[in-house]
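Letters go in sequence order (proteins before strands), and every chain restarts at 1. Here the structure is a predicted model, which is why all the values come from computation and not from measurement.
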Amino acid sequence: MTNPFFKYRSNEVDNDLRLTVLSSSFIPDSFPHRSDQIDQMVKILSSVMRNSPPSNLLLYGKSGTGKTSVAKKVSNLLKEAFPEKVKVIYINCQLNDSTYSVLVNAANSIIANENEKIPLSGWTVERIYNELLRQIEKFSGFIVLVLDEIDKLARKNDGDSLYVILKLADDAKSSRVSFIGITNYTSFLETLEARVRSRLNQESIVFPSYNASQLRDILQERVNLTGMAGMVEESAVSLCAAIGAREHGDARKAIDLMRISIEIGIRDFMEKIGEENVYKARDKYEMNILRESINGLPLHSKILLLSAVVTQDQDKDNMITGEIYENYKKICDELSVQSLTSRRIGDLLSELDDLGLIITVTRSLGRYGRTRVITVPDHDELMKKYLLEDEVLNTFKGIKIGKQHRLKMDADESQSRTVKEDEMNDILSSRKE
DNA sequence: ACTCCACAGGAAAATTGGGGTA
DNA sequence: TACCCCAATTTTCCTGTGGAGT
């Protein structure tokens with residue numbers, strides 16, 4: 001008999017292919033509302049034709065404004081136009097946020113032979129630097145080094161990393177090295193020291209946020225590329241655009257929403273993709289963000305977050321660093337994991353705060369010391385679920401939350417409680433502002 | 001005005017683990 | 001195999017601090 005699943009399978013493959021134009025890694029041929037930026041970039045990079053090295057470039061703009069896509073597109077066009085003369089190296093500094101890994105990745109992307117690739121650890125920075133330099137010289141042409149999320153790199157050891165990498169341009173003799181820096185922060189340059197700033201600040205291009213109608217153009221064009229334009233209602237496109245516009249004009253989010261909406265429609269055998277798909281997609285999108293950021297957490301951050309969630313579950317009005325740390329240690333015990341020091345936990349708490357998974361407010365509780373008051377924002381049940389997907393955490397059964405935190409033992413019970421309730425109310429109300 | 005809690009967070013030492021060299 | 005070098009991570013040690021209690 002014929003496999004009854006085949007018809008679905010072939011359908012899926014087909015749809016997956018069509019939906020790749022709505023994936024975040026897809027680089028389109030045309031960029032609506034970005035022709036100014038593209039023209040500027042082309043003008044600057046085209047100095048290669050006259051055999052003079054392009055100025056260094058800085059691209060500014062919030063996330064989802066097309067910086068990365070445009071940079072990739074234009075630099076690829078340059079490479080296509082002058083294949084013998086130009087090499088483009090793209091590095092995401094969020095993933096490679098040390099001098100070491102940037103240099104290794106840069107070198108490895110030039111080295112063609114697998115066997116000569118540089119190992120991901122072991123070499124000295126100097127040795128890698130020299131090897132990269134050697135490779136660059138060997139090429140003797142124009143190298144364009146794209147540093148995406150360059151601010152992540154600049155923050156590391158006083159921007160020394162950035163300085164070393166920019167120095168490549170001076171040290172390379174027979175090749176010319178240019179840089180394209182990409183960043184979300186408008187004030188990025190100001191945070192740099194002079195020696196780095198002057199090198200980088202030759203040309204800059206701003207990518208303004210998209211408004212709703214621009215987003216609609218972009219979405220419509222992408223939807224047309226999928227060949228499913230007939231299925232997608234105009235109102236759905238508009239809604240995606242509106243949601244993206246609300247999020248500082250984020251095209252990435254708008255496109256993701258569109259893709260998820262369509263996926264939901266296909267899955268449910270719907271004939272039309274309408275607004276309700278988009279609303280469903282938005283929920284799914286938020287959940288995916290949460291799930292991914294939790295999945296990507298290192299083990300101890302997961303345990304710590306679990307401790308925060310469980311603690312808040314049982315004891316809403318008393319979440320301070322010390323208590324979460326105590327419970328963290330208990331969970332570590334239960335999971336037979338060696339626990340980390342409180343100093344380290346302090347840093348991990350800050351990281352969780354940066355990720356938006358918890359909210360921390362440092363404040364002084366007077367007689368009861370100076371600490372951070374911690375809140376787990378909504379979704380705590382969902383967080384717990386995702387946390388327990390971890391293969392180490394999934395043996396977690398629950399712990400007894402001791403109430404023996406020193407704050408409560410030493411202090412007069414009723415008084416300390418009112419103090420803390422006031423504190424928590426302050427925090428909650430200040431968050432709403 | 002002074003104390004002192006319960007940490008925050010900087011600096012530096014120690015540990016871990018990949019990789020090279022003899 | 002023993003040993004060195006190095007980056008990253010974590011610990012150890014430390015100084016600083018806002019404000020309720022006294």
- Note on the structure: side chain to side chain donor-acceptor pair (under 3.5 Å) pairs touching residues 130-144 of chain A, sequence neighbours excluded, are A:Glu131-A:Arg134, A:Glu131-A:Gln135

- Query: Taking only side-chain nitrogens and oxygens of A:Arg344, does any of them come within less than 4.0 Å of OP1 or OP2 of C:dT10?
  - Reply: yes

- Interatomic distance where CD1 belongs to A:Ile345 and P belongs to B:dA8 [whole Å]: 11 Å

- note: A:Ile128, atom CD1; C:dC6, atom P; distance rounded to Å ~ 12 Å

- Yes or no on side chain to side chain donor-acceptor pair (under 3.5 Å) for A:Asn295 and A:Tyr386, after CA distance, side-chain angles and deciding distance? CA-CA 7 Å; A:Asn295 274 340; A:Tyr386 293 152; over 6 Å; no

- Query: Which whole-number value in Å describes the distance from A:Tyr100 OH to C:dT9 P?
  - Reply: 13 Å

- Would you mind reading off the distance between A:Tyr368 atom OH and C:dG19 atom P, rounded to a whole angstrom? 16 Å

- Note on the structure: From CG of A:Leu349 across to P of B:dA8 the rounded distance in Å is 7 Å

- Message: Salt bridge or not between A:Arg259 and A:Asp256? Use side-chain N to carboxylate O under 4.0 Å.
- Response: yes

- Task: For B:dA8, take OP1 and OP2 only and decide whether either is under 4.0 Å from a side-chain N or O of A:Thr321.
- Result: yes

- Task: Grab the CZ-C1' distance between A:Arg127 and B:dG18 for me, whole Å please.
- Result: 13 Å

- Task: Convert the base pairs of DNA chain C into dot-bracket notation, remembering that pairs crossing earlier ones are written with [ ] and that bases paired across to another strand are shown as |; include only Watson-Crick or G-U pairs under 3.5 Å.
- Result: ||||||||||||||||||||||

- Atom OH of A:Tyr328 and atom C1' of B:dC7: how far apart are they, to the nearest Å? 17 Å

- side chain to side chain donor-acceptor pair (under 3.5 Å) with A:Ser63: which of A:Glu247, A:His248, A:Glu149, A:Arg252? A:His248

- Query: Is the charged tip of A:Lys67 near the ring of A:Tyr60: under 6.0 Å from the six-membered ring centre and within 45° of its axis?
  - Reply: no

- Task: On DNA chain C, check which nucleotide each of A:Arg370 and A:Arg367 is closest to and give me the residue with the more 5' one.
- Result: A:Arg370

- Message: Tell me whether the NZ or CZ atom of A:Lys73 lies within the 45° cone about the ring axis of A:Phe31 and under 6.0 Å from its centre.
- Response: no

- Query: Quick one: does A:Arg343 reach the base of B:dG9 with a side-chain donor-acceptor pair under 3.5 Å?
  - Reply: yes

- Query: Counting N and O atoms only, with roles assigned by atom type, does the side chain of A:Ser47 sit under 3.5 Å from a partner on the main chain of A:Ser52, one being a donor and the other an acceptor?
  - Reply: yes

- Item | Nucleotide B:dG9, atom P - distance to CD of A:Glu351 in whole Å | 13 Å

- Message: Less than 4.0 angstrom between a side-chain N/O of A:Thr371 and OP1 or OP2 of B:dA6, yes or no?
- Response: no

